[in-house]
Amino acid sequence: MIAIAIDGPAGAGKSTIARAIAREMSFIYVDTGALYRAIGLYMIKNRIDDDELIVSSLNKIKVDLKFVDNEQKIFLCGSEVSGEIRTPEVSMMASRVSAILAVREFLLDLQRDLAQKNNVIMDGRDIGTVILPDADVKIFLTASLEKRTDRRYKEMLEKGLNVTYDGILNDIKKRDYDDSHRKVAPLKPAADAVVVDTSEYNLEESINLVLDVIKKKLS
Ligand code: DC
């Protein structure tokens, strides 16, 4: 099996680029952020906001990923939540729960199993460093804070969400800081990752840049 790991900060374009490449290569695209978002959503719905309670409620949670035409759908305790997890509130809670070791351990086997059974392109924060340290290709995808905020802001507006530019900017800043400064599995490029900065490139150019890296590594 072939595994491609893409890590990077919020809004770097990981999911859009990984999805396009997965389609081109007939791999499955695994968006691991959705797993932390589902746990975050559970905590919001059940009004749980205490580390110990978060950990003790994990045994009540069932998270499943299904792939329909190579497209990921996420289920929380049997109900599909693929759309519901894409709000700024869930983003912040996902980042919060993701700093807890027990939450990361809870989601570890699911991620590794997928990579054992399928050719995957998997995106997240710790794929190249912790989840798939032996991945065939590791990419750290990044872009300036301004570009990432612009892209995320437009995406949210297109979905009809009531957001402000400054709100998104502050959320991304806080998430970047928290995700890269936590003790467990912090966001950072793996020693053997290729860093790709997409600040100056449009989507098509960015996809081609990443594809070039993948083709070189796999050849
Ligand atoms: O990729 P995303 O924005 O959907 O991720 C939401 C949060 O989940 C992110 O702020 C940090 C956490 N996360 C993580 O800790 N490890 C991953 N592999 C993916 C996401």
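All residue numbers refer to positions in the sequence shown, counting from 1. For ligands, and for the atoms within them, numbers begin at 1 and follow the listed sequence.
For Arg104, the heavy-atom gap to ligand 1 drops under 4.0 angstrom.
Here the protein heavy atom with the shortest distance to atom 4 (O) of ligand 1 is Arg37 NE, 2.6 Å. Arg175 NH1, 2.9 Å is the protein heavy atom nearest to atom 3 (O) of ligand 1. Of all protein heavy atoms, the one closest to atom 11 (C) of ligand 1 is Asp179 OD2, 3.3 Å. Nearest protein heavy-atom neighbour of atom 19 (C) of ligand 1: Thr32 OG1, 3.4 Å. Counting protein heavy atoms only, atom 8 (O) of ligand 1 is closest to Tyr36 CB, 3.5 Å. Nearest non-hydrogen protein atom to atom 1 (O) of ligand 1 is Arg125 NH1, 2.9 Å.
The CG atom of Leu107 lies 12.0 Å from the CZ atom of Arg112; values are rounded to the nearest 0.5 Å.
Taking the charged nitrogens against the carboxylate oxygens, Lys66 and Glu80 have no contact shorter than 4.0 Å, which rules out a salt bridge. Comment: Arg96 engages Asp49 in a salt bridge, judged by a side-chain N to carboxylate O separation of less than 4.0 angstrom. Remark: Arg86 engages Asp31 in a salt bridge, criterion side-chain N to carboxylate O under 4.0 Å.
Residue contacts with ligand 1, taken as heavy atom pairs separated by less than 4.0 Å, involve Arg182 solely via side-chain atoms from C-beta onward.
Close N/O approach between Gln111 and ligand 1 is not found [any backbone or side-chain N/O within under 3.5 Å]. Backbone and side-chain nitrogen or oxygen atoms of Lys14 are examined, and none is located within less than 3.5 angstrom of a nitrogen or oxygen of ligand 1.
Atom OH of Tyr177 has 12 or fewer neighbouring heavy atoms from other residues, nucleotides or ligands inside a 6.0 Å radius. In this structure, Asp50 places its CG atom where more than 12 heavy-atom neighbours from other residues, nucleotides or ligands lie under 6.0 Å away.
The stretch residues 24-58 participates, sequence neighbours left out, in no ring pair (Phe, Tyr, Trp, His ring centres under 6.0 Å) pair at all.
Near Asp126, meaning under 4.0 Å from any of its heavy atoms, are these atoms of ligand 1: 16 (N), 17 (C), 18 (N).
At a cut-off of 3.5 Å, with distance as the only test, no side-chain donor of Arg148 or Ser199 sits close to an acceptor on the other residue.
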